[in-house]
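We use all heavy atoms of the structure for the numbers below, so side chains are in, but hydrogens, waters and symmetry mates are not.
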Amino acid sequence: MGLRRRRPILRHGPQRTPRAFGQLMSLLGIALAVVLVSTTGVVAFVAAQLVNTAAENTVTLDDPVELPPDIGAYEGGFNILLTGIDKCEKDIAQLFGDRCDDKKQSGKLNDVNLLVHVSNDPRRVTVVSFPRDMMVGQPECTDENGTVHAETSRAAMNEAYGRGGLNCVAKTVSELSGQQVTFAASVTFGGVIEVTNAIGGVEVCLAKPIDDPKTGLKLTAGTHSLKGLPALNFLRTRHGLVGGSDLSRIGNQQQYMSSLVRKMTSGEVLGNVGTVLRLAGIGVKRSELSDKLDPMRIAQIGLALKDVPPADYVFLQYPVFDDPSNKSKVVPDETSAEQMWAAIAENRPLQVTHERGSQEGVVDAPGQTAAPTASASPTPGGAPVALPPNVSGQNADARTCSNGNGR
């Protein structure tokens, strides 16, 4: 099975150089935070401080296309792959017991995979989560030891990093989605902990308590401001949610990311230069960045996002079916996915039509009416386009609460 021919990147008008880019919720926040750095004229200082560190963590993607120097020249918008990596970090190993035991570290896992599409004129941000337990075809990849892993028609999404690092995750997402990935980044558990500490926590809502023996997370019903290890464990939890699945966890993560976007765009974080500089440093130290995602480019991304309101951030889950051969896995719903990509490409407001079931990771917050219209900005873009019912999600303006497993 060879790599299938990629469809053109999401288009909203003529474009000379279609491109893509990605990373996890913390780098999403970092990119937003860099807006302040850019607009206060100190980006050159930040770049000088971080460029050497960034060079040490650079990953080259299999993409020969040359990019224009300015993101504003990407007429159809761009994509970013954001990947959350589950691996041992010795400086925080004491937080996870025997996590760094060699027997438990047979491979690094890409447990969170987000493809972030930033559209052009008007700017909108659509974040698509790819379930870690989704069985997909994966291309040939070479790992850090030089071992070549043959392409396969069936492997779990979260095995891609172990087969060839960030580049392999990018190739796998590109093959599945048909979107080219030019920018990519990974972030570790330590990065999530440090980011939430730096911004003073993220507010989350629980409809029912969470009691997760796997992560040790215990939270009562109601509103909590989480940072550090509890914030990380909130993002990791699945056994603390009704349903206990990775799909439940994605819904819960979307609640967190929506709250993160609201905080990052409120001015509370962007108004503090020291916080912004700390975020930029964390983003480089705790991340791998693709070779074209340098500090100056991150600053440009921040500028591109600076005027996007929370209502125009949309978080979607890649549509899936239960795997008939393995009840703990899922498989792609390619028909719904094609319709989802086509809807995103139109750069019109998106309408989530999915109706949440009782076993999903979140429920509507009290006072929140039915599934809100995502990307609801009235100017410009035309009438909303309805997404297939099998595409779940929310926009950052929507208020949801964790569907915990406790009483």
Side-chain angles (χ1 to χ4, degrees), residues 22-32 81-87 89 92 95-96 99 108-116 127-133 157-158 161 185-207 209-219 223-264 279 282-283 286-287 313 315-317 360-362 392-394 396 400-405:
Q23 185 203 30
L24 172 68
M25 55 281 300
S26 62
L27 191 64
L28 180 62
I30 291 165
L32 287 168
L81 173 67
L82 309 177
T83 298
I85 303 302
D86 178 358
K87 72 174 184 178
E89 295 173 275
I92 59 170
L95 299 176
F96 302 100
R99 182 172 190 77
K108 300 170 186 176
L109 302 176
N110 49 298
D111 275 348
V112 178
N113 305 282
L114 309 174
L115 188 63
V116 183
V127 183
V128 179
S129 296
F130 295 80
R132 52 158 282 171
D133 294 328
M157 174 64 73
N158 72 334
Y161 192 89
S186 68
V187 68
T188 62
F189 282 6
V192 176
I193 289 173
E194 291 185 10
V195 165
T196 57
N197 284 338
I199 66 176
V202 175
E203 186 175 283
V204 298
C205 167
L206 277 69
I210 286 178
D211 185 356
D212 184 356
K214 297 291 186 179
T215 64
L217 182 67
K218 290 188 177 183
L219 295 172
T223 300
H224 299 265
S225 180
L226 301 180
K227 61 182 180 179
L229 185 60
L232 171 66
N233 286 336
F234 182 83
L235 291 168
R236 294 176 61 204
T237 189
R238 60 189 287 182
H239 298 285
L241 302 169
V242 169
S245 71
D246 181 52
L247 303 185
S248 296
R249 173 164 53 189
I250 287 175
N252 202 48
Q253 290 171 345
Q254 290 177 342
Q255 181 210 164
Y256 179 97
M257 291 189 289
S258 295
S259 181
L260 173 64
V261 166
R262 292 194 298 269
K263 184 164 188 176
M264 297 299 294
L279 286 172
I282 293 165
R286 293 286 188 179
S287 300
Y313 280 80
F315 297 96
L316 304 175
Q317 177 196 293
E360 297 193 33
V362 293
S392 61
Q394 67 176 80
T400 56
C401 297
S402 303
N403 195 9
N405 63 349

Subject >> Residues Tyr161, Asn113; criterion side-chain contact (heavy atoms from CB on, under 4.5 Å); working and verdict >> reply: CA-CA 11 Å; Tyr161 192 89; Asn113 305 282; over 6 Å; no
Practice task
Dump the intermediate steps for side-chain contact (heavy atoms from CB on, under 4.5 Å) on Leu226 and Leu219, then the final yes or no.
Solution key: CA-CA 10 Å; Leu226 301 180; Leu219 295 172; 4.1 Å; yes
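A search for ring pair (Phe, Tyr, Trp, His ring centres under 6.0 Å) contacts involving Phe130 returns Tyr318, not counting sequence neighbours.
A heavy-atom distance below 4.5 Å is found between the side chains of Leu260 and Ile199. With contacts defined as side-chain heavy-atom distances shorter than 4.5 Å, the pair Pro131/Ile250 qualifies. Side-chain contact check for Phe234 versus Thr196: every heavy-atom pair is 4.5 Å or farther apart. The closest side-chain heavy-atom distance from Gln253 to Val112 is below 4.5 Å. In this structure, the side chains of Asn110 and Met157 come closer than 4.5 Å at one or more pairs of heavy atoms.
Nearest heavy-atom pair across Lys227 and Gly201 is CB-CA, 3.7 Å. Closest approach of Arg249 to Arg132, counting heavy atoms only: NH2-CD, 3.0 Å. Contact detail for Val362 and Gly251: the closest heavy-atom pair is CG1-O, 3.4 Å. The two residues Cys401 and Ala207 make their nearest non-hydrogen contact at CB-N, 3.5 Å.
Atom CG of Leu241 sits about 11.5 Å away from atom CG of Asp211, to the nearest 0.5 Å. Interatomic distance, Ser129 OG to Met257 CE, rounded to the nearest 0.5 Å: 4.5 Å. Note that CG of Asp212 and NE2 of His239 are 6.5 Å apart. Values are rounded to the nearest 0.5 Å. The structure places CG of Leu217 at 5.5 Å from CD1 of Ile210, a figure rounded to the nearest 0.5 Å. In this structure, the separation between CG on Leu206 and CG on Asn403 is 9.5 Å, given to the nearest 0.5 Å. Interatomic distance, Thr83 OG1 to Asp111 CG, rounded to the nearest 0.5 Å: 10.5 Å.
The closest side-chain donor-acceptor pair between Gln394 and Ser258 falls under 3.5 angstrom. In the model, Asn233 has a side-chain atom that pairs as donor or acceptor with a side-chain atom of Arg236 under 3.5 Å. Looking only at atom types and distance, the side chain of Ser402 has a donor-acceptor partner in the side chain of Gln255 under 3.5 Å away.
A salt bridge links Arg238 and Asp133; the closest N-O separation between the charged side-chain nitrogens and carboxylate oxygens is under 4.0 Å.
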